[in-house]
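First the structure, in the form of structure tokens, and then the observations on it.
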Amino acid sequence: MTIAIQRTTFSRLTCLTVAGPLWAAVSLAQAAARDGFDLIRHPLSALSNGSLGWLQITNFLVAGVLTIVGATGLRQATSSRWAPRLVLVNGIGMIAAGIFSMDPADGFPTGTPAGIPETMSWHSYGHMAAGSIAFFSLIAACYVLARHFARNGNRRDAALSTIAGTALLLGDGWAMTGGPAGSLTLAVGAITAMLWVAVVATRLR
């Protein structure tokens with residue numbers, strides 16, 4: 001690998017290193033600061049609504065672009081064929097989730113009636129589809145990375161990759177079935193998986 005390629009790979013992996021922590025930090029900061037938001041009841045995607053919704057929309061778009069760029073660096077830095085592809089799909093899903101925002105619900109933004117709306121808008125369906133694509137591809141990426149690390153004899157990182165993917169799988173599954181505090185378990189799972197991918201990118205740099 002030439003110096004020029006090494007520098008390009010380093011820069012692209014830096015994008016992947018930043019994407020997850022940036023999205024998590026911006027999301028959690030808003031969750032703590034915005035009136036009426038309760039992470040026990042509201043998914044982080046709901047932050048795309050209201051007068052400050054543009055912050056979370058931008059957060060999705062920026063993190064998605066960084067993830068897509070980072071996926072190309074992952075392809076250059078690892079022998080895994082499918083992990084970069086799945087991370088790329090995850091980035092595309094994040095961009096789509098930013099473009100298609102979910103409907104206001106359950107008291108957020110402030111003034112929204114309590115409970116879940118009886119009907120959903122087309123863009124809310126779009127957000128759900130985009131979110132599912134982003135989550136499933138991220139789960140799969142973690143499991144593929146686990147297999148990659150196991151093949152290379154790195155049992156520790158194989159285990160951590162499996163834990164990260166399982167955290168998102170269980171968190172999303174619990175939320176999808178309407179379990180108590182499902183939005184919280186989903187947030188924990190998603191952030192865990194995103195941060196692990198960022199850790200992998202940091203090590204590969």
Side-chain angles (χ1 to χ4, degrees), residues 9 12-24 27 43-45 59-100 102 125-179 182-205:
T9 302
R12 292 178 179 180
L13 287 173
T14 299
C15 291
L16 191 57
T17 297
V18 170
L22 175 65
W23 187 89
S27 297
L44 292 173
S45 292
N59 192 26
F60 271 113
L61 297 178
V62 171
V65 170
L66 290 173
T67 300
I68 290 172
V69 175
T72 63
L74 190 62
R75 182 179 59 198
Q76 294 172 324
T78 178
S79 60
S80 174
R81 296 178 59 187
W82 278 102
R85 296 173 182 175
L86 290 165
V87 171
L88 174 66
V89 173
N90 173 248
I92 294 172
M94 293 187 71
I95 291 176
I99 295 173
F100 303 107
M102 66 181 298
Y125 279 112
H127 181 86
M128 290 182 63
S132 296
I133 291 171
F135 290 145
F136 292 152
S137 59
L138 184 56
I139 291 168
C142 287
Y143 287 141
V144 169
L145 286 171
R147 184 179 180 184
H148 171 72
F149 288 129
R151 283 180 173 178
N152 292 333
N154 189 341
R155 295 182 179 180
R156 183 195 63 179
D157 285 353
L160 291 173
S161 293
T162 301
I163 290 171
T166 303
L168 178 52
L169 177 63
L170 295 179
D172 186 35
W174 184 251
M176 293 290 288
T177 57
S183 57
L184 177 60
T185 64
L186 175 57
V188 170
I191 290 174
T192 298
M194 292 173 73
L195 292 183
W196 174 244
V197 171
V199 169
V200 172
T202 300
R203 292 180 178 174
L204 289 173
R205 291 193 311 163

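Note that the structure is a prediction, hence the values are computed from the model and not measured.
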Is there a side-chain contact between [X] and [Y] (heavy atoms, below 4.5 Å)?
X      : Y      : result
Thr14  : Leu66  : no
Phe149 : Val200 : yes
Val89  : Phe136 : no
Val197 : Leu16  : yes
Thr67  : Trp23  : no

Main-chain N/O of [Y] paired to [X] side chain as donor or acceptor, under 3.5 Å:
X      : Y      : answer
Thr72  : Val69  : yes
Ser161 : Ala158 : no
Thr78  : Leu74  : no
Asn90  : Ala134 : yes

Between [atom1] of [X] and [atom2] of [Y], what distance do you get to the nearest 0.5 Å?
X      : Y      : atom1 : atom2 : answer
Ser132 : Asp172 : OG    : CG    : 6.5 Å
His127 : Phe60  : NE2   : CZ    : 5.0 Å
Leu168 : Thr192 : CG    : OG1   : 8.5 Å
Tyr125 : Met102 : OH    : CE    : 12.5 Å

Checklist entry - Where do Val144 and Ser80 land on the side-chain contact (heavy atoms from CB on, under 4.5 Å) test, with the steps shown first? => result CA-CA 8 Å; Val144 169; Ser80 174; 3.6 Å; yes

Item to check | Other residues, nucleotides, ligands: >12 heavy atoms within 6.0 Å of Arg85 CZ | outcome: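 Correct, the count exceeds 12.
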
Next on the checklist: Can you confirm whether more than 12 heavy atoms, excluding those of Arg75, are under 6.0 Å from its CZ atom?
Outcome noted: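 No - once you tally the heavy atoms of other residues, nucleotides and ligands closer than 6.0 Å, there are 12 at most.
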
Shortest non-hydrogen separation from [X] to [Y] and the atoms involved:
X      : Y      : result
Ala193 : Cys142 : CB-SG, 4.0 Å
Ala198 : Pro21  : CB-CD, 3.7 Å
Gly73  : Thr9   : O-CG2, 3.7 Å
Leu86  : Ala141 : CD1-N, 3.6 Å
Met194 : Gly20  : CE-CA, 3.8 Å
Ala77  : Leu13  : CB-CD1, 3.8 Å

Next on the checklist: Tell me every residue that passes side chain to side chain donor-acceptor pair (under 3.5 Å) with Thr17, counting only those two or more places apart in sequence or in another chain.
Outcome noted: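 So Thr17 forms a side chain to side chain donor-acceptor pair (under 3.5 Å) with Thr202.
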
Next on the checklist: Walk me through whether Thr166 and Tyr143 qualify under side-chain contact (heavy atoms from CB on, under 4.5 Å).
Outcome noted: CA-CA 8 Å; Thr166 303; Tyr143 287 141; 2.8 Å; yes

Checklist entry - So which pairs with a foot in residues 149-164 pass salt bridge (charged side-chain N to carboxylate O under 4.0 Å, His left out), sequence neighbours left out? => result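 Matches after skipping sequence neighbours: Asp157-Arg203.
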
Next on the checklist: Working note: Val65 + Ile95, criterion side-chain contact (heavy atoms from CB on, under 4.5 Å); need CA distance, chi angles, decisive distance, verdict.
Outcome noted: CA-CA 7 Å; Val65 170; Ile95 291 176; 3.9 Å; yes

